[in-house]
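Structure below; questions to follow.
Below, read A as the first sequence line, B as the second, and so on, with proteins coming before strands; counting in each chain starts at 1. Side-chain atoms are counted along with the backbone in the values below, which use heavy atoms only and exclude waters and symmetry mates. Just so you know, these numbers come straight off a predicted model, no measurement behind them.
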Protein chains: 2
Amino acid sequence: MKDPLTSFPGYSLRRAANAASAELAQRLSVVGLRQSDASLLMLVEANPGVTASALGRRLDIQRANMVPILKRLEDAGLITRAPIDGKSQGLALTEAGRRTLTEAFQVIEQFERELIERIPAEHRAHLLPALDAIWR
Amino acid sequence: MKDPLTSFPGYSLRRAANAASAELAQRLSVVGLRQSDASLLMLVEANPGVTASALGRRLDIQRANMVPILKRLEDAGLITRAPIDGKSQGLALTEAGRRTLTEAFQVIEQFERELIERIPAEHRAHLLPALDAIWR
DNA sequence: TATTGTTATACTCTATAACTATA
DNA sequence: TATAGTTATAGAGTATAACAATA
């Protein structure tokens, strides 16, 4: 079949992201996490006491959509919320959260390693700067 | 805020794809199309008489999910379905479909041009081959 | 006045199972 | 038996509007 889409970087970008995303989601499900869970746990670990709003801004997740994610992670015993003042709450990992994140981190590092290895060596170093130029 | 995610190509891949996708979706909405509509119209134009199943395989859209897309495009008068045999239907663009696709094509080419221009020159040529290595 | 957290809601995309009819 | 088209349905991600309480 003729495929005029093959010449569009934007199309390949979407397809590559979808393929990688589906693969990582499947691997993370073994640890019981979604991608947004894992990225959120990483940011909380690196920034203990961070607020939900600040996390949402950094991850481009709207405040309203943070609510069910945080509720799920709290129900799973992975994070705690502690009042900072009357309207803000500081997030932190529980011990179980740290353990789960360690597992997730291994899954993700293995995934990233394999992702990079799929790319011909001469293109490898260019991918991250090219991608970052697109969205940052 | 500390951000340990910045070093993961997989994460940047997802963010770049999301950003690009949102941008293109907005521009295509002016023409009245979604991204899946536009890619589907392109493939139909390049392969008149193609079946829904074959399109789905090429675009990685499941048969069941092709139904509402094709219905929408047919209702909008952009494609026609003609029986090939008792169980298959060949798809083709209508005149309006060709006109709309021409508009969409201009939007997409402009979008792709701007996307590439955002990438520093020394990385540009590497993006497409790197992405294709990930998903093809 | 702006921000935080929240509720409610709706739309899109995607995934699965099952069914009918035909090759 | 495998394939084409379809229906129904559920999950996940995302977007908007609105609200109360607080900074």
### Query
Salt bridge check: are B:Glu117 and B:Arg113 linked by an N-O gap of less than 4.0 Å?
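No salt bridge links B:Glu117 with B:Arg113.
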### Partners meeting ring-ring contact (aromatic ring centres under 6.0 Å, His included) with A:His123 (sequence neighbours left out)
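Checked A:His123 against ring-ring contact (aromatic ring centres under 6.0 Å, His included); matches are B:His126.
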### Query
What distance do B:Ser21 atom OG and B:Gln26 atom CD have between them, rounded to the nearest 0.5 Å?
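Between B:Ser21 OG and B:Gln26 CD, I get 12.0 Å after rounding to 0.5 Å.
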### Query
Are B:Val30 and B:Leu78 in one and the same hydrophobic cluster, where Ile, Leu, Val, Met, Phe, Trp and Tyr link if side-chain heavy atoms are under 4.5 Å apart?
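Different hydrophobic clusters.
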### Message
What is the distance, to the nearest angstrom, from the CG atom on A:Leu40 to the C1' atom on D:dA12?
### Response
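Answer to the nearest Å: 16 Å.
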#### Entry: Within residues 81-93 of chain B: residues closer than 4.0 Å to DNA chain D (heavy atoms)
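The stretch gives B:Arg81, B:Lys87, B:Ser88, B:Gln89 as the residues lying under 4.0 Å from the strand, ordered by number.
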### Query
On DNA chain C, which is the earliest and which the latest nucleotide, 5' to 3', with an atom closer than 4.0 Å to a heavy atom of chain B?
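Terminal contacting nucleotides, 5' to 3': C:dT12 to C:dA23.
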### Message
Expected output is a numbered-order residue list: members of residues 52-75 of chain A with a heavy atom under 4.0 Å from any atom of DNA chain D. What is it?
### Response
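Heavy-atom contacts with DNA chain D come from A:Gln62, A:Ala64, A:Asn65.
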### Message
Contact list please: residues 8-31 of chain B against DNA chain C, heavy atoms, distance less than 4.0 Å, in numerical order.
### Response
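The answer is none.
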### Message
Applying side-chain hydrogen bond (donor to acceptor under 3.5 Å, both in side chains) as the test, list every pair that has at least one member in residues 49-64 of chain A; sequence neighbours left out.
### Response
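The answer is A:Arg58-B:Asp3, A:Asp60-B:Arg15.
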### Message
Using a 3.5 Å distance criterion without hydrogens, assess whether the side chain of B:Arg34 forms a donor-acceptor pair with backbone atoms of B:Ser29.
### Response
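No: the side chain of B:Arg34 does not pair with the backbone of B:Ser29.
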### Message
Between A:Gln110 and A:Glu114, do the side chains contain a donor N or O and an acceptor N or O under 3.5 Å apart?
### Response
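Note: A:Glu114 and A:Gln110 side chains meet the donor-acceptor criterion.
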### Query
Does the B:Ser88 side chain pair with the main chain of B:Ile84, one donor and one acceptor, at a distance under 3.5 Å?
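A pair under 3.5 Å: no.
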### Query
For the side chain of B:Asn47 and the backbone of A:Lys2, is there at least one donor-acceptor N/O pair under 3.5 Å apart?
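Between the backbone of A:Lys2 and the side chain of B:Asn47 there is a qualifying donor-acceptor contact (under 3.5 Å).
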### Message
Using modelled atom types and a 3.5 Å cut-off, is there a donor and acceptor pairing between side-chain atoms of A:Ser39 and backbone atoms of A:Ser36?
### Response
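Confirmed, A:Ser39 side chain pairs with A:Ser36 backbone.
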### Task
Return yes if a side-chain donor-acceptor contact under 3.5 Å exists between A:Glu74 and A:Thr80, otherwise no.
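Looking only at side-chain atoms, A:Thr80 and A:Glu74 do not form any donor-acceptor pair under 3.5 Å.
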### Query
Should A:Ile119 and A:Leu128 be regarded as members of a common hydrophobic cluster, given that ILVMFWY residues are connected when their side-chain heavy atoms come within less than 4.5 Å of each other, either directly or indirectly?
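No: no chain of side-chain contacts under 4.5 Å links A:Ile119 to A:Leu128.
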